[in-house]
There are 2 protein chains.
Amino acid sequence: MAAPSAASARQEGQPFAKAATMRDVAERANVSVASVSRVLNGLGVTSDATRQRVLDAVEDLRYVPHFGARSLSTSKNDTIGVILPDLFGEFFSELIRGMDLAARAHGKHLIVSSSHDGAEDTLAAVRSMRGRVDGMIVLSPHLGAANLSSEFAGRMPVLLMNGGAAEPGRASIMIDNHGGAVGAVQHLRSTGRRRIAHIRGAAGNIEADTRAAGYTAALDGHDPIIVEGDFSQASGHRAATQLLSMTERPDAVFAANDMMAVGALLAFQEAGVRCPEDIAVVGFDDVPIAALMRPALTTMRVNIAEIGRRGVERLIGLVQAGATADATDTACEIVRPILVERQSTAAASSARFNKG
Amino acid sequence: MAAPSAASARQEGQPFAKAATMRDVAERANVSVASVSRVLNGLGVTSDATRQRVLDAVEDLRYVPHFGARSLSTSKNDTIGVILPDLFGEFFSELIRGMDLAARAHGKHLIVSSSHDGAEDTLAAVRSMRGRVDGMIVLSPHLGAANLSSEFAGRMPVLLMNGGAAEPGRASIMIDNHGGAVGAVQHLRSTGRRRIAHIRGAAGNIEADTRAAGYTAALDGHDPIIVEGDFSQASGHRAATQLLSMTERPDAVFAANDMMAVGALLAFQEAGVRCPEDIAVVGFDDVPIAALMRPALTTMRVNIAEIGRRGVERLIGLVQAGATADATDTACEIVRPILVERQSTAAASSARFNKG
DNA sequence: CTGTTAGCGCGTTCAT
DNA sequence: ATGAACGCGCTAACAG
């Protein structure tokens, strides 16, 4: 009181006035900060008179609690961090959408960090989240689970979705990449395709490796035909062009994800190669675009948004368990992709029929 | 001091050990927290011996600075907040991708809050960011600029991208929705279409309203034919079905965004109505999917990722200016969509030619 | 019912 | 070159 009220003495040279603090509110309402805190958080008891004075002061000063300070004091952030390798394509969009929905449903915030090139870059991102999040979901095809565990060493709840081998005892959601790839190839073979090529994902990416391995395994002795890609549409286009230049052209392609399959589809179209008549294509993920392509893309569906939702909910469970020193969720959930048959792999006869 | 070292007395029942703090590091290295701070931030001077001891301790304890605490003490967060209405479709994915790239390039973090139904919901999101971000980018087609200014009242740098009328003196990036709509309709008319319908965006959405107004204005006396949509693909499908059931069918449709145009395209396909021969379609945004559709979608292109990038960079400029009480960037940048002609609006003759 | 006070983890003068 | 002490804004005992 003796000192000029901080809140009123401002608005001068500074372009941005410092926001009112709890103390400003307390002074204006002639109460202590504790009372302000009680009123704002609805804890404890307060007389109606005090409550009203506080509320008025809050209104006048346009007071908004300082989230960071509150976190520091309660050591809770109500925020979960997500580490992604990239943000390209529809896969991650869908994933984040699912996560965001789940997070909001539980009143949590989401902070995502993406575009991580390699393992060290990812690790840096993980570290930068300390003190801002209560737990994190890590998707890192670069990072082995071993690196991650040593990094966290039980510091904070973590849910792994990095496609690598599940580490027992660490909560995770994994896509059955091997099984999915096998399913794709088997579908192709069952519809009469014989020379089945594979456009693989980026080298060094665990998911890419696993899908490639699945492809090879399902070939059942036939020679593998593998061309490199990096999960981008453009790389799928390039790879498909390579395929076309081969002396013995494949009659089917399994692309390690939908975006590459889309690129391949376009390349075939440009080259005048008909799909599915001349060459069949199957993708992986079932991103929204897959159903919109012409021919519509057969793919191994992973319910992306749903996985995001599950991930967030399990992580929230872990956070709460951690707070109460409860039993911990260490399950490794495995999601099996399911085949969605569309036109891009239709047998020659039915393809002709559907073409109209 | 008298109390047992916090760092060593842990690792017991708790599932998650409390992370090491700066004090733990200081004790282990037999120095003061001040020295630890100096070493870690590279400020001031430190003897090599001390520096090494600190570094070792950091390594041993796996110490990671607490971001929140640092923010509180420096009142900087190195984070910018983004308020979005929704996360559906490719528009926001692209936008976030552009923002994320720019943010990372400047060493800033991004925290996005989405799925806001109405004005009050958005306001709540805005408030919840205090103390976590140094500035924010607000996309809110619900919120009038007036509400926002009074909410912020010069508290923190804000960049508006909410499609409403630009408020002089407040930094903003606006899409020329009216001009874009006019361009779309004029293109349709110049290719010989006469009964041009409009699938509009959600009622109450400023961008939707402005585009609808532009559509009507460009009609130049002809009767407007407007059906409701909500920017979703499904709503575009429904709207298109409505259009088909009219006694006097339109021969062209301007959809307020690409996703609705895609829905319309599918509806036409299902109904056996040919595009562009029977009916032309033009969208808005030029999301990646637009070029992949068959027929490929003509649209008013907005360089989405680029806008995101610009927004982040201007906001960062504002944040730095605010810190130094410098002049403020108050420009209202207007982005004019440009027509991208594709097959969905090809004239009947060339359409036949391209069909092959 | 209300006010005082001690941290939360860190940056930062100011002495030493 | 280094350490002690204070403050950032808020919550949570503990007194009164």
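Worth saying up front: this structure is predicted, and the values here are computed from it rather than measured. Here is the naming used below: chain letters follow the sequence lines, and residue numbers restart at 1 for every chain.
Residue A:S32 places at least one side-chain N or O under 4.0 Å from the OP1 or OP2 atom of C:dG3.
Contacts of B:Y63 with the nucleic acid, taken as non-hydrogen atoms under 4.0 Å apart, involve only primed sugar atoms and P, OP1 or OP2. A:D48 comes within 4.0 angstrom of no nucleic acid atom, judged by non-hydrogen atoms across all strands. B:S47 comes within 4.0 angstrom of sugar-phosphate atoms only, judged by non-hydrogen atoms across all strands, and of no base. At a threshold of 4.0 angstrom between heavy atoms, the contacts of B:R130 are confined to the sugar-phosphate backbone, with no base atom among them. Note on B:S37: a base of the nucleic acid sits closer than 4.0 angstrom, heavy atoms only. Backbone-only contact: A:T50 has heavy atoms under 4.0 Å from sugar-phosphate atoms and none from a base.
No donor-acceptor pair closer than 3.5 Å links the side chain of A:D134 to the backbone N or O of A:K76. The closest donor-acceptor contact from the side chain of B:D24 to the backbone of B:L61 lies at 3.5 Å or more, if one exists at all.
Residue-to-nucleotide proximity on DNA chain D shows that, of B:V31 and A:T74, the 5′-proximal contact is made by B:V31. The residue among B:V33 and A:A34 whose nearest nucleotide of DNA chain D lies closer to the 5′ end is B:V33.
When the P atom of D:dT11 is taken as reference, atom CG of A:N77 falls 14 Å away, rounded to whole Å. Nucleotide C:dT5 holds its P atom 13 Å from the CZ atom of A:R23, rounded to whole Å. For B:N41 and C:dG11, the CG to P distance is 5 Å, given to the nearest whole Å. For A:D78 and D:dT11, the CG to P distance is 12 Å, given to the nearest whole Å. The CD-P distance, from A:E27 to C:dT4, rounds to 12 Å in whole Å. What separates CG of B:D24 from P of C:dC8 is a distance of 11 Å, to the nearest Å. Whole-Å rounding puts the A:F67 CZ to D:dC10 C1' distance at 12 Å. Atom CE of B:M22 and atom C1' of C:dC8 are 13 Å apart (whole Å).
Closest of all the heavy-atom pairs between B:A20 and B:Y63 is O-CD1, 3.3 Å. Between B:V158 and B:V138, the closest heavy-atom pair is CG1-CG2, 4.1 Å. Scanning both residues, B:M22 and B:V33, for their nearest heavy atoms gives CE-O, 3.1 Å.
Across C:dC8, C:dC10, D:dA12, the shortest atom-to-atom separation from the side chain of A:S73 is found for C:dC8. Closest approach to the A:V45 side chain among C:dC1, D:dG9, C:dG11 is made by C:dC1 (side chain taken as heavy atoms from C-beta onward).
The one candidate from A:L139, A:I96, A:L84 that meets the side-chain contact (heavy atoms from CB on, under 4.5 Å) condition with A:S114 is A:L84.
Using a 4.5 Å heavy-atom cutoff, the side chains of B:I316 and B:K108 are in contact.
Heavy-atom neighbours of B:R104 CZ from other residues, nucleotides or ligands within 6.0 Å: above the threshold of 12.
At its two ends the helix from C:dC1-D:dG16 to C:dT16-D:dA1 runs along axes set 50° apart, each axis drawn from five pairs and the angle rounded to 10°.
Remark: the B:R38 side chain and the C:dG11 base include no donor-acceptor N/O pair separated by less than 3.5 Å.
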